[in-house]
Amino acid sequence: MIRICADLEALSHAAAELFADEARKAVQARGRFLVALAGGSTPRRTYELLAREPFRALVPWQKTHVFWGDERCVPADDPRNNALVARRMLLGQVPVPCEQVHPMICDSSPREAVVEYEALLRGFFAAGCPRFDLVLLGLGENGHTASLFPGTSVLEERQRWVADVYLAEEGEHRLTLTAVAINQAALVVFLVSGHGKAPILRKVLQESQDPRSIPARLIKPVDGGLLWLVDQGAAGLLPPSGHR
Ligand code: 6PG
C-alpha cells in the first residue's frame, strides 16, 4: 500500500494521525501500545506534531511503550543518537512514563548491547514473537532501512531480533532490529520524503532486485500491514497509480 502526500508537512500530519489511531486501537484491544521509532531526519516533523495538540491529547501515552528500530553506537548526548532526537522532539514533551521508554544503549560494547536489547524484547514478547503494534522506518538512498545496510551479514539473520552492524565508511557501530523482528509487526510504515529518494523508492517498489542490495525489500510483514507514506518528491519516478 502506498499513500502519496503533497509534501513532507502533509506526510508528517498523516503519520501523526496514523500513529494516534494505531495507539488508540492497540490500547483498546490489548491495553498497551508498542511502537518502534525510526531514526534519521524524515520522522522529525512527525515527532514534533505528536508532541503538540491535537495529536498529543489523542495518544494514550501512559500506556505507550517506546522502542527503536536502530541506534548509532554513540554517546547518549551525541546529536546523532536517535533516542536523543526523539527525546528532544517528542518524548520529553509528552507524559510517557520514563520506564516505558526503551532506548538501545550501545555506546560501550555493541555486542553486549545486542544481548541486552534482545533480552529486553524477549521479556516483553514472552510469546516468542516481537509483535510491535507499529514500526516506523525510513529509507536510505542506498536502500537501507533501520540499520539494515546493503552487503551486511545482518541481512541473513533468521533467528535473532537484534544485531550489531559495523559501517566501515562511517567508522560507526550500530544496533538494529533484524528483518525477522520487524516483519512480525502488526503494521510497518515507511516515511519517505524528497526528490532524492525517488530513484531508490522506484527500485524498492518497482524492481525485483536482490534484497541484499536493497535491504528495504526484506521488509514484508508476515501477518501485518505495510504502508509506504511518501511525498510527491519521493514518488516522482513512480507510475501515476503508485506501485502495483
Ligand atoms: C538512522 C535510520 C535510517 C534512516 C534512513 C533515512 O538511524 O539513520 O534508522 O535507517 O531512517 O537513513 O534517513 P533520513 O530520514 O534522514 O533520510
Side-chain angles (χ1 to χ4, degrees), residues 5 7-9 11-12 14-16 19 35-49 66-76 78-91 102-107 110 113-114 117 132 134-152 154-155 161-167 169-179 181-183 185 188-205 211 213-219 226-231 233-236:
C5 304
D7 52 25
L8 177 58
E9 185 67 10
L11 181 158
S12 305
F19 185 107
V35 60
L37 299 182
S41 57
T42 305
R44 292 183 182 188
R45 181 60 180 147
T46 301
Y47 299 158
E48 280 182 339
L49 290 171
V66 180
F67 303 81
W68 273 266
D70 73 326
E71 187 56 274
R72 296 93 178 276
C73 293
V74 294
D78 185 308
R80 294 171 295 167
N81 185 287
N82 289 335
L84 177 67
V85 171
R87 284 188 199 284
R88 283 179 173 165
M89 310 201 92
L90 172 56
L91 302 174
H102 311 285
M104 293 173 164
I105 300 170
C106 62
D107 54 352
V114 165
Y117 213 71
F132 290 101
L134 175 63
V135 175
L136 296 180
L137 293 175
L139 177 65
E141 293 189 19
N142 64 357
H144 81 264
T145 190
S147 282
L148 302 171
F149 281 80
T152 55
V154 66
L155 304 183
W161 298 351
V162 185
D164 64 293
V165 180
Y166 179 65
L167 301 180
E169 279 180 29
E170 290 83 352
E172 187 178 84
H173 284 274
R174 295 197 180 192
L175 249 62
T176 187
L177 293 185
T178 60
I182 295 170
N183 284 334
V188 177
V189 178
F190 278 91
L191 307 180
V192 190
S193 170
H195 294 285
K197 297 289 174 75
I200 190 62
L201 186 62
R202 181 178 60 181
K203 280 187 181 172
V204 171
L205 298 180
S213 60
I214 307 184
R217 293 180 63 84
L218 288 171
I219 305 307
L226 174 61
L227 171 65
W228 290 85
L229 204 43
V230 307
D231 68 8

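Nothing here was measured: the structure is a model prediction, and the numbers come from that model. In this chain, numbering begins with 1 at the start of the sequence shown. Indexing begins at 1, ligand by ligand and atom by atom, following the structure's order.
Protein heavy atom in closest approach to atom 11 (O) of ligand 1: Gly138 CA, 3.3 Å. The nearest protein atom to atom 13 (O) of ligand 1, hydrogens excluded, is given as Gly40 CA, 3.9 Å; this is a heavy-atom distance. Scanning all protein heavy atoms for the shortest distance to atom 1 (C) of ligand 1 gives Arg72 NH2, 3.4 Å. Scanning all protein heavy atoms for the shortest distance to atom 10 (O) of ligand 1 gives Ala146 O, 2.6 Å.
Among the atoms of Asn82, some N or O lies under 3.5 angstrom from an N or O of ligand 1.
Heavy atoms of Arg174 come nearer than 4.0 angstrom to ligand 1 in at least one pair.
Counting heavy atoms closer than 4.0 Å to ligand 1, residue Ala38 contributes nothing at all. By the criterion of a heavy-atom distance under 4.0 Å, the backbone of Leu139, and not its side chain, is placed next to ligand 1. The part of Lys197 lying near ligand 1 is the side chain, judged by heavy-atom distances below 4.0 Å. By the criterion of a heavy-atom distance under 4.0 Å, both the backbone and the side chain of Thr42 are placed next to ligand 1.
The pair Arg80-Glu172 counts as a salt bridge, with a side-chain nitrogen and a carboxylate oxygen less than 4.0 angstrom apart.
A side-chain N or O of Arg174 and one of Ser147 form a donor-acceptor pair less than 3.5 Å apart.
Of all heavy-atom pairs spanning Ser193 and Thr42, the tightest one is CB-CG2, 4.1 Å.
Using a distance-only test at 3.5 Å, with no hydrogens or angles considered, no donor-acceptor pair links the side chain of Arg72 to the main chain of Asn81. With hydrogens and angles ignored, the 3.5 Å screen pairs a side-chain donor or acceptor of Glu71 with a backbone N or O of Asn82. In this structure, Lys203 contributes its side chain and Ile214 its backbone to no donor-acceptor pair below 3.5 Å. In terms of modelled atom types and a separation under 3.5 Å, the side chain of Asp231 and the main chain of Gly194 share a donor-acceptor contact.
Leu191 has its side chain out of reach of Leu137: every pair of non-hydrogen atoms, C-beta onward, lies at least 4.5 Å apart.
Each of the following atoms of ligand 1 lies closer than 4.0 Å to a heavy atom of His144: 3 (C), 5 (C), 10 (O), 12 (O). When each atom of ligand 1 is checked for a heavy atom of Asp70 under 4.0 Å away, the hits are 1 (C), 2 (C), 7 (O), 9 (O).
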